[in-house]
Protein chains: 2
Amino acid sequence: MKDVAALAGVSVGTVSNVLNQPDRVLESTRQRVEDAIRKLGWIRNESARQLRAGRSESVGIVVMDVANPYFVDLLLAAEETFYDRGYTVNLGNSDQHREREALLMRHFMRSRVDGVLLAPIGNSSGVTDELLRAGIPVVLLDRVSGTGLCSVGMDDIEGGRLAVHHLLEQGHKRIAFVGGPLGLAQVRDRARGARLAVANSGAHLDVVEVKTLDVEEGRKAAQHIARSDRGIRPTAVFAANDLIAIGMLQGFVAEGLSVPDDVAIIGYDDIDFAAAAAVPLSSIRQPRYEMGRCAAELLLKEITAAESGDEHQHEPVSFSPELVARISTLRTS
Amino acid sequence: MKDVAALAGVSVGTVSNVLNQPDRVLESTRQRVEDAIRKLGWIRNESARQLRAGRSESVGIVVMDVANPYFVDLLLAAEETFYDRGYTVNLGNSDQHREREALLMRHFMRSRVDGVLLAPIGNSSGVTDELLRAGIPVVLLDRVSGTGLCSVGMDDIEGGRLAVHHLLEQGHKRIAFVGGPLGLAQVRDRARGARLAVANSGAHLDVVEVKTLDVEEGRKAAQHIARSDRGIRPTAVFAANDLIAIGMLQGFVAEGLSVPDDVAIIGYDDIDFAAAAAVPLSSIRQPRYEMGRCAAELLLKEITAAESGDEHQHEPVSFSPELVARISTLRTS
DNA sequence: TTGAAAGCGCTAACAC
DNA sequence: GTGTTAGCGCTTTCAA
């Protein structure tokens, strides 16, 4: 910046003004300074700016799995909202590892981001506490929180109920819930919803736990189920997410079972690949775009409040799930 | 930091040493300082550290589409490599927008990252030039570059040739290439490979351009092709990527055509969803993991060279494509 | 409208 | 081993 000032024949203060208060400076000098910047190819040092100015105008977003289109959609919606408001967005992927989640959070704290949007792995209180103590607002995504935080999530119990209720309506008496690990709140809630739907219906619910929520695990689970005894084998499956459902669809086909005639499948999230599957998958829609956008807006509101010292009421927002019935659960007969 | 020093009864210099040169400091004082840090919940200011120390130990990665699993895999592989070497990784998603790509690059320059890994949109010379002038190493990913840059890509002409050669072997005489925009080098190269394969084979190649490389566009293209005249309709399709291929698969099924009996489909990238499709898709495999890893290592090498002032020879690395034949191109008869 | 100067929080060289 | 101190590159008063 010194060099720019020298070349333009002004002081560093004026160069700074050209950047931050362009109207405080004479048109002609502004011109000269901008020429100098261009000629020297000078790029302002963000660390120095941030250190002195004390604000970063940036936020962090951490999702637990960028390989899952569901999280990508949340991410994109939130990102766009921040972009529109002029914030710089730092993306982080915890990739289902708790240590990495913690690492990312610490990194954002050190970078003094204005706020963090977190789609957490399991119970994340330990991670968020540090942020909050440091006065950095945190909004939870994909999880409704009762504690002192804003959060945007879905009623997964209701979602699970909806999915299994739909299967019952199609006449199924033996249903399997496939998901895991059961340590994940989302998975647990969806299972609980499934159990609620089944209660007093006369139908039976098996719970099949898988290690992770991805396609490969779904395929394995399908193989396992397909090879079980005819008498015990469920006629319908509720998969904890669409990746599992897609894997199971392929697994069943590979085992010679037809979907939905031999086995019906319903997934969860309604990612684009669900509708695009060769047997279009029924699913429980999460309004991903609205959720991502809403979370971003909550965070922005909280940041604004924090900066102006205003009072802020944390609010947990819960979206409603919606059944999307496609061929994979609709009997052709 | 001042507060920490005061509480621990030492100087700020000692606190700094505890963080950066732990063995220069007495075990007992280290203990005291660490206690003070914990008690105060102090978190070091990264901007200040970076400004003073002059190094960031961080890199930026920009991909053109996080919604495409292919790029996600490249990303994950590269990310892991950097993590292993202790680098902080900043993720960026240009989302197919050139302005956003430029924005991200400028952001990384201002943040003084040590290097940038870029999976660019189209021709990116303008964007990278600025970085290079600032002395920040850039490695191109998913693109082989002849210019003064390291790059990791694939021989897409060969990949296209391979795909169409496979279709010819299956006896197809009328083949469609579906991809776009043709402005993308990858798409152009794959099309050129297709043309090479067809040349002098007696077969015919149609080129169908689509707007973007996603599932929805594939579905539309399939509908269009399915409804064309029986005599003109291609019996096989080479899709420029797997998203298009997946969309086309669904589109054909929706139009009552069977894959592969009525139309064969081969995709490109071999993303996990390709094998998981209900009609498992043939594809051209890109060694994503190796490519991501290799690009990261090239960048690290260049960063090291830049820091020590050593000479650095740019090298364009090109991986070889591999045919993965699955049911979608194998005649059942 | 512009310049001079203080100082953001930290690191690293040097002195003790 | 530990303290003192200069200064990284910028923003932001305050004076001129």
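In what follows, chains are A, B, ... by sequence order, proteins preceding strands, each numbered from 1. All values derive from a computational prediction rather than experimental measurement.
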Pick base, sugar-phosphate or nothing for [X], based on heavy-atom distances below 4.0 Å to the nucleic acid.
X: B:G13; value: base
X: B:V10; value: sugar-phosphate
X: B:R24; value: base

May I ask you to verify if any side-chain N or O of [X] is less than 4.0 angstrom from the OP1 or OP2 atom of [N]?
X: B:R55; N: C:dT11; answer: no
X: A:N20; N: D:dT11; answer: yes
X: B:R52; N: C:dC8; answer: no
X: B:T29; N: D:dT2; answer: yes
X: B:T14; N: D:dG3; answer: yes

What integer distance in Å separates [X]:[atom1] from [N]:[atom2]?
X: B:L19; N: C:dT11; atom1: CG; atom2: P; result: 6 Å
X: A:L51; N: D:dT12; atom1: CG; atom2: P; result: 12 Å
X: A:D3; N: D:dC10; atom1: CG; atom2: P; result: 10 Å
X: A:K2; N: D:dC8; atom1: NZ; atom2: P; result: 6 Å
X: A:Q21; N: C:dT2; atom1: CD; atom2: C1'; result: 14 Å
X: B:M109; N: D:dG9; atom1: CE; atom2: P; result: 16 Å
X: B:E46; N: D:dC8; atom1: CD; atom2: C1'; result: 14 Å
X: A:Q50; N: D:dT12; atom1: CD; atom2: C1'; result: 17 Å

Among the candidates [options], find the nucleotide nearest to the side-chain atoms of [X].
X: B:R44; options: C:dG3, C:dT11, D:dC10; value: C:dT11
X: B:N17; options: C:dT11, D:dT4, D:dT2; value: D:dT2
X: A:A48; options: D:dT11, D:dG9, D:dT4; value: D:dG9

### Task
Could you say whether B:N45 or A:D23 is positioned toward the 5' end of DNA chain C, judged by the nucleotide with the nearest heavy atom to each?
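Mapping each residue to its closest nucleotide by heavy atoms, the 5'-most match is A:D23.
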### Query
Would you say A:Q21 has more than 12 foreign heavy atoms packed within less than 6.0 Å of its CD?
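Yes, because the 6.0 Å sphere around CD of A:Q21 holds more than 12 heavy atoms from other groups.
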### Task
Determine the sole option in B:V62, B:N93, B:D95 for which the side-chain contact (heavy atoms from CB on, under 4.5 Å) test with B:L104 is passed.
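Result: among B:V62, B:N93, B:D95, B:V62 is the only option passing the side-chain contact (heavy atoms from CB on, under 4.5 Å) with B:L104.
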#### Entry: Whichever of B:R112 and B:L26 has its nearest DNA chain D nucleotide further upstream toward 5'
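Here B:L26 is the residue nearer the 5' end.
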### Task
Measure the OG1-CD distance between B:T88 and B:Q50 for me, rounded to the nearest 0.5 Å.
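Result: 9.0 Å between the selected atoms.
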### Query
Atom CD1 in A:I61, atom CZ in A:F82: separation rounded to 0.5 Å?
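A:I61 CD1 to A:F82 CZ: 5.5 Å, rounded to 0.5 Å.
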### Query
Do the side chains of B:S318 and B:M154 get nearer than 4.5 Å, heavy atoms only?
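Not in contact.
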### Message
Going by ring pair (Phe, Tyr, Trp, His ring centres under 6.0 Å), name the residues that satisfy it together with B:H97, two or more places apart in sequence or in a different chain.
### Response
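Here no residue qualifies.
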